[in-house]
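Here's the structure, in structure tokens; my notes come after.
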Amino acid sequence: MKKLLVIATILMMVPCSAFALEMLTEDVMDQVTGQAGVSIAVDDVVIYQNITSLSYTDGDGVFTGDAAASVGIANLKMMVNINAITSLDASGLPVSPGQSAIFGDYVDPAYATFSFLNADTDADGLYDAFEARPIKIDVGNCATLTAGLTNNNATLYGGLLPSTNVAGVVIGLPTVEIHQSALEFDVVLTQTGSANANTGGTFGTISIGEQTIAILGGTLEIAPH
Amino acid sequence: MNAMRQLIIAAMTIAALFISWAGTPVTAELCQLNDAALDGIEGQAGISVAVSEASLYHHLDGFRYEGTDGGYLSLEGITIYDGGNGPTTYNVGVVDTNGDGLIEPLTLDAFTVADAANPIFGKSLVRLAAPDWLQEKVYGIEAVKIAGYETNLPHEIGALVIGPIHLPSYELYVGGHSDGLDFELSATLGIDQVRLTTNTAGDALAFTGIYLNEAFEGAPETPATWVGQGEFRVGDIFAGTPATFDLGSTTLADGSVAAVMAMELPMAGSLRMEKVTLNGVDFGPVAIDGIQVHALEVVFVP
């Protein structure tokens, strides 16, 4: 009997109520602060991209009575490597950890090595250090958009805006290198009908050599209006 | 002892019952908003984008355009930077670059012209505007080469430096007509220098202080007095004369039918250059004011 009573007691401890969402009052919500935002590090990313064709079609031609034509590119292939820049070496050149090293050499043939400093540690307006940065995505106050609207409030709105705070997505740009292999493609004009003087015509071939982009940071703010 | 134990168990049982029944069994559910409530909600259309100290280096081994006959134009060793030893930097919506007292971000909107008196009433457009765009950007090209179709042997004409390029403000409208594109591009542009160095002795052809605006104040012969006003415009959508882009099979002047890419490029504005120098000889300023191109058809026939 006692054992049954104990078991019954334990079972009674299990909540049997149906809990549902409760509407919070404005006062309660004012006290709520949340954590928002993520940091994303990108390194040793290798992407192979193959675009068989990409075209734009004009269905009604240039002048009245013309047939349709399309312009596009074909057989575009490339390899893209993305590597995080996490430090500078003794020569001030970027370094990436992991399996893949930096692709670019960043040395101008005629002048001194480029500067990859991106942080002002002594607040003198000059960059004096390198700071490795991931991609940061936050939702909240957009400082730059807010500063602009605050400036414009007096000029454009007579100072009558109830608030100049702008909320949106704030994206911190990472320190990262993006390398793209050399690529080549034809620019092709395709027409409707075979009785054309330039059937199968192409505007020529575009060749783009290896590309290297090194991003050293910055902030992007996106907000609706 | 047994009684105490029974008393404790009973007390726990009662307490358990109380706890299990203590929660308020509220069932919340989504409520349908009525029209009056919906009327009070404002929708957002379009986005604003601000950029602060975005900095990057960009290097291309080369860019080449080759015709079907083998002739080509090649730009080798292209570096995009600040002209010194730093990266290109972008600041958008951070400072007032167009001098109107406002600090405005880049905006992207889609809309339909609702004014019945407007020549393009009912037309839908996408608008990209950047009234305050600040950049320090230089293109350094180590070698510019041209190869003729006869021999395909390249001839190097020199090294090219373009910049710093300043683009204080620009605006782009894009719409459609049937299956073609209508667009209007307006911008203020300044390029400190375009310099083609032709040999190792440093001889060069240079265009210094290049400006594109709607109009200029100041005497053309006195660059120090120049003040640019407004934006140089290609196409005027709201006047009913947009720039256009079309593709099609059409009949050429010689009666043959060919596939073509055709553009109409009406434009208006002014172009001035502070000076043109060749091997150190200064030819003075250049001013082309009041440009009004009512119709300019460009047809590409492969």
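Bear in mind the structure is a predicted one, so any value in this text is a computation, not a measurement. Protein chains get the first letters and strands the later ones, always in sequence-line order, with residue 1 at the start of each.
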So how far is it from [X] [atom1] to [Y] [atom2], rounded to the nearest 0.5 Å?
| X | Y | atom1 | atom2 | answer |
| --- | --- | --- | --- | --- |
| A:Ile208 | B:Arg64 | CD1 | CZ | 13.0 Å |
| A:Asp66 | B:Asp179 | CG | CG | 12.5 Å |
| A:Leu156 | B:Glu104 | CG | CD | 7.0 Å |
| B:Phe245 | A:Asp58 | CZ | CG | 8.0 Å |

Looking at [options], which has the largest count of heavy-atom pairs under 4.5 Å with chain A?
| options | value |
| --- | --- |
| B:Pro87, B:Gly62, B:Gly140 | B:Gly62 |
| B:Ser178, B:Ala50, B:Ser74, B:Gly93 | B:Ala50 |
| B:Leu75, B:Ile103, B:Thr89 | B:Ile103 |
| B:Asp61, B:Ile80, B:Leu247 | B:Leu247 |
| B:Gly180, B:Pro105, B:Gly67 | B:Gly180 |
| B:Thr68, B:Leu56, B:Leu102 | B:Leu102 |

Shortest non-hydrogen contact from [X] to [Y]?
| X | Y | answer |
| --- | --- | --- |
| B:Leu108 | A:His225 | O-CE1, 4.1 Å |
| B:Pro302 | A:Thr202 | CB-O, 3.5 Å |
| B:Ser249 | A:Ala69 | N-CB, 4.3 Å |

Report yes if the side chains of [X] and [Y] come closer than 4.5 Å at any heavy-atom pair, otherwise no.
| X | Y | answer |
| --- | --- | --- |
| B:Val49 | A:Leu220 | yes |
| B:Tyr57 | A:Leu216 | yes |
| A:Phe114 | B:His59 | no |

Could you label the plane-to-plane angle of the B:Phe300 and A:Phe203 rings as parallel, tilted or perpendicular, counting under 30° as parallel and over 60° as perpendicular?
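Ring orientation, 0 to 90° scale: perpendicular.
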Identify which part of [X] has an atom lying under 4.5 Å from any heavy atom of chain A, answering side chain, backbone, both or neither.
| X | value |
| --- | --- |
| B:Val299 | neither |
| B:Glu264 | neither |
| B:Val301 | both |
| B:Asp109 | side chain |

Of all residues at least two apart in sequence or in a different chain, which pass the side chain to side chain contact (heavy atoms under 4.5 Å, CB included) check with A:Glu131?
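Residues passing side chain to side chain contact (heavy atoms under 4.5 Å, CB included) with A:Glu131: A:Asn118, A:Ala119, A:Arg133.
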For chain B, which residues from residues 142-154 of chain A lie under 4.5 Å away (heavy-atom distances)?
A:Thr144, A:Leu145, A:Gly148, A:Asn151, A:Asn152
Those residues of residues 158-186 of chain A, ordered by number, that approach chain B below 4.5 Å (heavy atom to heavy atom)
A:Leu173
At a heavy-atom distance under 4.5 Å, which candidate from A:Gly218, A:Gly217, A:Ala68 has the highest pair count against chain B?
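When all of A:Gly218, A:Gly217, A:Ala68 are compared, A:Gly217 has the most.
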Go through the atoms of A:Tyr56 and report whether side chain, backbone, both or neither lie under 4.5 Å from a heavy atom of chain B.
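When you check distances to chain B, atoms from both the backbone and side chain of A:Tyr56 fall under 4.5 Å.
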Assess the side chains of A:Ser115 and B:Asn85: does a donor N or O sit below 3.5 Å from an acceptor N or O?
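No - no donor-acceptor pair under 3.5 Å links their side chains.
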Partner residues of B:Glu171 under the salt bridge (Lys or Arg N to Asp or Glu O under 4.0 Å) criterion, sequence neighbours left out:
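If we apply the salt bridge (Lys or Arg N to Asp or Glu O under 4.0 Å) test to B:Glu171, skipping adjacent residues, the hits are B:Arg127.
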